[in-house]
Amino acid sequence: VYYLNQPFDVENAQLRVTYSDNTIEDIDMTLDMVIFHNAVATTQSVEVVYGSQWTLISNIRTQKKKASSISVSQTPKTSYIQGQPFDPTGGKILVNYTDGSQEEISMGSSGVTFSYSNLNELGQHRVTVSYDGKSASFDVHVGMRAVVSIAVDANAKSTYVEGQAL
């Protein structure tokens with residue numbers, strides 16, 4: 001299996017060449033001998049050309065790389081006040097792919113999803129971030145809304161007679 005845009009592996013590959021005088025020679029295969037269409041996910045035959053001769057290597061599959069795991073590489077905001085919506089801005093995940101490559105992507109990228117409990121409830125909450133079928137988690141804290149000021153209604157009754165209910 002090859003992943004999209006991965007070059008054909010010719011390391012340790014040899015081509016057995018038979019000449020017109022019936023002598024046989026094994027030569028190292030090089031990339032310039034190979035016609036391989038690796039930009040499309042498909043099953044194909046790869047052409048190997050040497051001199052004026054060619055042969056096919058059948059059933060070579062190319063596929064899109066997939067995530068093998070993800071981890072949170074940079075958490076977004078983790079402290080919230082009761083009632084504030086979750087905000088992934090600034091968060092990043094590290095994606096490890098099946099082809100051995102890695103990529104860091106923004107939590108705001110297409111395909112990144114989140115699940116979490118009610119952020120209107122006080123306390124610690126687990127946020128799960130998912131991408132390409134893989135998940136990772138981090139914690140956020142929801143604190144109480146603070147009273148920053150109070151005011152008395154100017155139209156409120158301010159004079160009472162003794163015994164009268166407030």
Side-chain angles (χ1 to χ4, degrees), residues 1-81 83-121 123-142:
V1 173
Y2 286 85
Y3 296 99
L4 294 182
N5 302 313
Q6 179 183 1
F8 192 78
D9 184 8
V10 295
E11 186 176 337
N12 299 318
Q14 291 205 314
L15 194 60
R16 177 156 285 178
V17 178
T18 304
Y19 294 98
S20 58
D21 64 357
N22 288 327
T23 58
I24 297 174
E25 179 182 16
D26 290 333
I27 62 169
D28 291 334
M29 192 182 302
T30 61
L31 278 177
D32 61 335
M33 297 175 183
V34 176
I35 300 172
F36 179 46
H37 304 285
N38 61 357
V40 177
T42 187
T43 299
Q44 62 180 297
S45 293
V46 174
E47 263 186 89
V48 180
V49 179
Y50 183 76
S52 62
Q53 300 295 312
W54 61 273
T55 189
L56 294 176
I57 303 171
S58 297
N59 298 321
I60 303 297
R61 189 165 47 115
T62 52
Q63 66 185 25
K64 179 183 175 204
K65 63 184 178 181
K66 295 189 178 291
S68 58
S69 66
I70 68 170
S71 59
V72 176
S73 56
Q74 184 174 325
T75 56
K77 177 179 176 177
T78 57
S79 292
Y80 290 87
I81 296 173
Q84 279 185 312
F86 174 72
D87 182 7
T89 303
K92 294 184 180 183
I93 57 173
L94 181 64
V95 183
N96 296 302
Y97 290 103
T98 51
D99 68 352
S101 65
Q102 292 183 326
E103 178 183 27
E104 187 174 58
I105 64 171
S106 166
M107 286 187 184
S109 297
S110 175
V112 177
T113 60
F114 303 93
S115 61
Y116 45 86
S117 60
N118 184 352
L119 295 184
N120 285 321
E121 294 178 13
Q124 191 155 316
H125 298 268
R126 170 100 356 150
V127 175
T128 300
V129 56
S130 299
Y131 179 76
D132 197 16
K134 303 300 175 187
S135 298
S137 298
F138 60 96
D139 292 327
V140 297
H141 183 267
V142 177

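We count residues from 1, following the sequence as given.
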- Query: Run the side chain to side chain contact (heavy atoms under 4.5 Å, CB included) check on V129 and V112 step by step: do they pass?
  - Reply: CA-CA 7 Å; V129 56; V112 177; 3.5 Å; yes

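- By the ring-ring contact (aromatic ring centres under 6.0 Å, His included) test, Y131 pairs with no residue at all, sequence neighbours left out.
- With sequence neighbours excluded, the residues forming a side chain to side chain donor-acceptor pair (under 3.5 Å) with Q124 are D139, listed by chain and number.
- With sequence neighbours excluded, the residues that form a side chain to side chain contact (heavy atoms under 4.5 Å, CB included) with N118 are N120, E121.
- Residues passing the side chain to side chain contact (heavy atoms under 4.5 Å, CB included) test with Q74, sequence neighbours excluded: K92.
- Each ring pair (Phe, Tyr, Trp, His ring centres under 6.0 Å) pair with one or both residues in residues 84-107, not counting sequence neighbours, appears once here: F86-F114, F86-Y116.
- The list of salt bridge (Lys or Arg N to Asp or Glu O under 4.0 Å) pairs with a residue in residues 21-31, not counting sequence neighbours, reads R16-D26.
- Residue L119 holds its CG atom at 5.5 Å from NE2 of H125, rounded to the nearest 0.5 Å.
- Residues T43 and R61 come closest through the heavy atom pair OG1-CG, 3.8 Å.
- With sequence neighbours excluded, the residues forming a ring-ring contact (aromatic ring centres under 6.0 Å, His included) with F36 are Y2, F8, listed by chain and number.
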Please set out all donor-acceptor pairs under 3.5 angstrom arising from side-chain atoms of residues 64-72, sequence neighbours excluded.
from	atom 1	to	atom 2	distance (Å)
K65	NZ	S101	OG	3.3
S68	OG	N96	O	3.0
S69	OG	N96	ND2	3.0

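- Pairs engaging residues 33-42 under the side chain to side chain donor-acceptor pair (under 3.5 Å) rule: none recorded [sequence neighbours left out].
- Counting only heavy atoms from C-beta outward, the side chains of D87 and Y80 approach each other to under 4.5 Å.
- Annotation: side chain to side chain contact (heavy atoms under 4.5 Å, CB included) contacts of S45 (sequence neighbours excluded): L56, S58.
- Other residues, nucleotides and ligands contribute only 12 or fewer heavy atoms inside 6.0 Å of the CD atom of Q53.
- Across all their heavy atoms, K77 and V140 have their closest contact at O-CG1, 4.0 Å.
- Annotation for E104 and L94: closest pair N-CD1, 4.2 Å, computed over non-hydrogen atoms.
- Residues satisfying the side chain to side chain donor-acceptor pair (under 3.5 Å) test with S135, not counting sequence neighbours, are S130.
- With sequence neighbours excluded, the residues forming a side chain to side chain contact (heavy atoms under 4.5 Å, CB included) with T30 are D32, M33, listed by chain and number.
- Atom OG of residue S79 and atom CD of residue Q84 lie 9.5 Å apart, to the nearest 0.5 angstrom.
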- Task: Take I93 and M107 through the test side chain to side chain contact (heavy atoms under 4.5 Å, CB included) and record every step on the way to the result.
- Result: CA-CA 6 Å; I93 57 173; M107 286 187 184; 4.0 Å; yes

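- In this structure, the side chains of I35 and W54 stay at 4.5 Å or more apart for every pair of heavy atoms.
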